[in-house]
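In what follows, a single structure is set out as structure tokens and then discussed.
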2 protein chains.
Amino acid sequence: MVTIADVARHAGVSISTVSYVLSGKRSISAETEGRVRAAIRDLGYLPNAGARALASSRSNVLALVVPLRSDMYLPVLMQFVTGVVTAARAHEHDVLLLTQEEGADGLRRVAGTALTDAVIVMDVQQHDPRLEVLRGLPQPSALIGVPADPRGLACVDLDFAASAASCVAHLADLGHRDLGFVGPPEPVYQRGTSFARRALAGFTSALRSRALAGAGVPCTPDYRGVRRALAELRARVPGLTGLVVHNEEALPVLLDVLHSDGLRVPDDLSVAAICPDQQAQSLAVPVTAVAIPAEELAADAVRAVMRELEGVRDRTVRLRAPELRVRASTGPVR
Amino acid sequence: MVTIADVARHAGVSISTVSYVLSGKRSISAETEGRVRAAIRDLGYLPNAGARALASSRSNVLALVVPLRSDMYLPVLMQFVTGVVTAARAHEHDVLLLTQEEGADGLRRVAGTALTDAVIVMDVQQHDPRLEVLRGLPQPSALIGVPADPRGLACVDLDFAASAASCVAHLADLGHRDLGFVGPPEPVYQRGTSFARRALAGFTSALRSRALAGAGVPCTPDYRGVRRALAELRARVPGLTGLVVHNEEALPVLLDVLHSDGLRVPDDLSVAAICPDQQAQSLAVPVTAVAIPAEELAADAVRAVMRELEGVRDRTVRLRAPELRVRASTGPVR
DNA sequence: CACATCGATCGAAGCGCTTCGACACCGACC
DNA sequence: GGTCGGTGTCGAAGCGCTTCGATCGATGTG
């Protein structure tokens with residue numbers, strides 16, 4: 001194993017000089033730096049992570065808590081994960097994977113052993129037992145999602161209320177006056193998943209402020225569930241002409257059901273969604289949608305903890321404004 | 001921060017005694033051990049990971065390389081990941097997440113910095129540039145999947161050849177003589193993904209050894225792809241009565257297509273699959289299937305590297321025997 | 001009863017790095 | 001010409017842990 005001492009010897013300088021070349025924390029003459037870098041290259045030197053962590057109290061690792069067994073939509077989850085890994089690497093950090101099951105104890109463990117410099121938690125619930133742990137940690141943390149009480153916690157998320165409202169506004173501008181909202185399955189609301197509630201609330205208040213009629217229903221992502229949801233919406237919203245769908249898995253099923261029921265999209269029914277851009281584009285009918293900017297949110301979360309590691313404390317909620325992409329699934333009301 | 005020195009002082013023993021209590025590497029009297037454990041509990045001591053890694057040359061972290069952007073079927077991928085994390089935790093290890101993009105350099109980096117004790121790689125290709133890196137690493141590694149030349153590498157996988165053969169045998173026992181094989185999309189074969197080829201090879205050689213007729217086709221997991229695959233099979237295998245499906249995503253679509261074509265499963269066509277157990281159970285018709293034992297394979301991979309860390313060198317290919325679960329989708333030929 | 005044996009404990013030497021203070025050298029300044 | 005302030009470099013003191021002798025009673029053995 002090549003150590004910093006080998007590099008120093010090879011370059012004819014002291015150990016600390018090598019260290020300062022690597023960290024840039026003190027100025028080094030161009031000539032010396034050149035020799036050191038050459039030595040590093042020649043010897044294939046890689047600094048020992050443990051020694052570095054011990055001496056600097058920085059592990060250059062961040063923990064990511066992933067809801068591996070949840071009913072989250074996997075493709076989006078994956079985008080978050082890749083986003084976090086990519087952003088972390090851009091900040092010289094690696095990502096330690098924790099599962100939901102590890103829970104609060106897992107957080108305490110990785111933080112207490114100083115294995116990680118920071119923690120990012122996905123899919124937080126409204127009243128999550130991990131929140132208190134996070135608040136008490138010496139390490140910074142960031143949530144993807146917003147709990148009931150986000151005080152003292154850095155949170156990033158899509159502005160789901162504004163997203164739903166943006167769908168409503170788009171449909172209203174096309175002349176639609178009677179709208180339905182298809183949400184995630186009931187259990188997601190029960191668990192107090194905040195994005196679900198915020199989207200529905202955004203839908204409802206947008207209806208109110210524009211004096212439109214409408215209702216929202218939960219929906220399981222199978223044919224029966226979709227049929228039931230549509231039936232309920234039709235019953236509660238006579239003359240339904242527009243739909244806002246916030247349920248990635250149900251969306252393709254819903255389009256399929258409408259198709260086999262002989263309903264044309266958007267001629268008979270306009271459909272706007274909150275879903276990954278890629279999905280919206282690749283469906284049978286390209287769907288007008290507010291994209292879920294998973295990679296961007298992941299980068300936001302990483303940025304939040306990195307800034308805190310640099311000493312800038314700013315534990316606030318950061319919501320990304322929705323961007324609606326109009327596609328073929330919405331049109332003027334007939 | 002509580003250090004081992006604090007614990008030692010609190011328990012009235014030396015630092016090394018605390019260390020030996022923790023590691024169990026030397027015998028400690030029950031009474032002393034009690035005092036030390038009490039001190040650990042009272043102070044909430046957690047050993048510093050960096051210091052430990054530096055002193056012991058063990059990080060207690062293993063790297064998992066995940067094909068986050070591949071066309072792998074996500075639910076199965078997730079099962080592998082949770083399986084690895086769970087098994088690693090059972091061996092006192094945490095899991096560092098590397099993406100495919102990091103490639104060979106990523107492996108060199110985490111190994112070279114001694115960030116990880118071992119590496120587990122998923123979704124290896126037949127001729128994977130990372131294989132040479134793995135062979136040269138001082139750390140042990142294990143592959144989930146089998147490359148063209150597995151020499152010097154620990155590999156674990158399902159015996160896909162035997163799995164396909166087991167499906168053929170089951171169908172043959174039910175009297176079927178004309179079989180089709182529905183595989184993954186063409187690109188998966190192109191990339192040299194070994195499990196795809198091994199399954200098809202197993203199917204073909206099982207046909208031969210039982211003197212049955214049949215053919216295999218690749219298949220994209222959409223309605224058009226499935227229809228095309230079925231048409232080609234019917235053309236190449238007149239009197240087709242049984243299907244072996246090795247394509248998780250196409251399987252539900254296929255059942256749907258058969259249904260809407262008015263074909264009864266298993267009365268008109270028997271269907272056996274290689275797919276996750278959970279999926280096989282939850283389809284419209286419960287499907288006779290060889291399960292993909294993702295969690296078990298993950299545990300096998302972790303076990304392989306752990307044993308190597310304990311000094312037992314055994315870099316061989318370990319294939320799990322298939323377990324066929326007979327369900328409603330297969331029946332006697334009419 | 002002397003001696004080897006063993007169990008329980010301690011002290012100290014690292015592990016490879018970061019970082020602080022010190023120092024030597026140089027040019028600028030009055 | 002002495003002083004001051006930079007700049008570039010070095011030495012050494014840790015960071016918190018593991019682990020290798022060494023020590024010291026107690027126990028067993030011939």
Charged N-O contact under 4.0 Å between [X] and [Y]:
X: B:R135; Y: B:E132; result: yes
X: B:D300; Y: B:R320; result: yes
X: B:R109; Y: B:E102; result: yes

Most 5' of B:L46 and A:G12 on DNA chain D, judged by nearest nucleotide: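 Counting from the 5' end, the first nearest nucleotide belongs to A:G12.
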
Contact nearer the 5' end of DNA chain D, comparing B:L54 with A:I15: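 That would be A:I15.
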
Taking heavy atoms of chain B and a 4.0 Å limit, find me the 5'-most and 3'-most nucleotide of DNA chain C within that range.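 Taking any atom under 4.0 Å from a heavy atom of chain B, the span is C:dG7 to C:dG16.
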
Which residues, if any, of residues 18-42 of chain B bring a heavy atom under 4.0 Å of DNA chain C?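 Listed by number, they are B:Y20, B:R26, B:S27, B:I28, B:S29, B:T32.
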
Classify B:S16 by what it touches in the nucleic acid, base, sugar-phosphate, or nothing, heavy-atom distance under 4.0 Å.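 If one applies the 4.0 Å heavy-atom cut-off, B:S16 turns out to touch a base.
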
Under 3.5 Å, is there a donor on one side chain and an acceptor on the other for A:R191 and A:T193?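 Note: A:R191 and A:T193 side chains meet the donor-acceptor criterion.
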
Among side-chain atoms of B:S29 and B:T32, is any donor-acceptor pair under 3.5 angstrom?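 B:T32 and B:S29 do have a side-chain donor-acceptor pair below 3.5 Å.
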
Please confirm whether the backbone N or O of [Y] pairs with a side-chain atom of [X], one donor and one acceptor, at under 3.5 Å?
X: B:D277; Y: B:A291; answer: no
X: B:R35; Y: B:A11; answer: yes
X: A:T17; Y: A:V13; answer: no

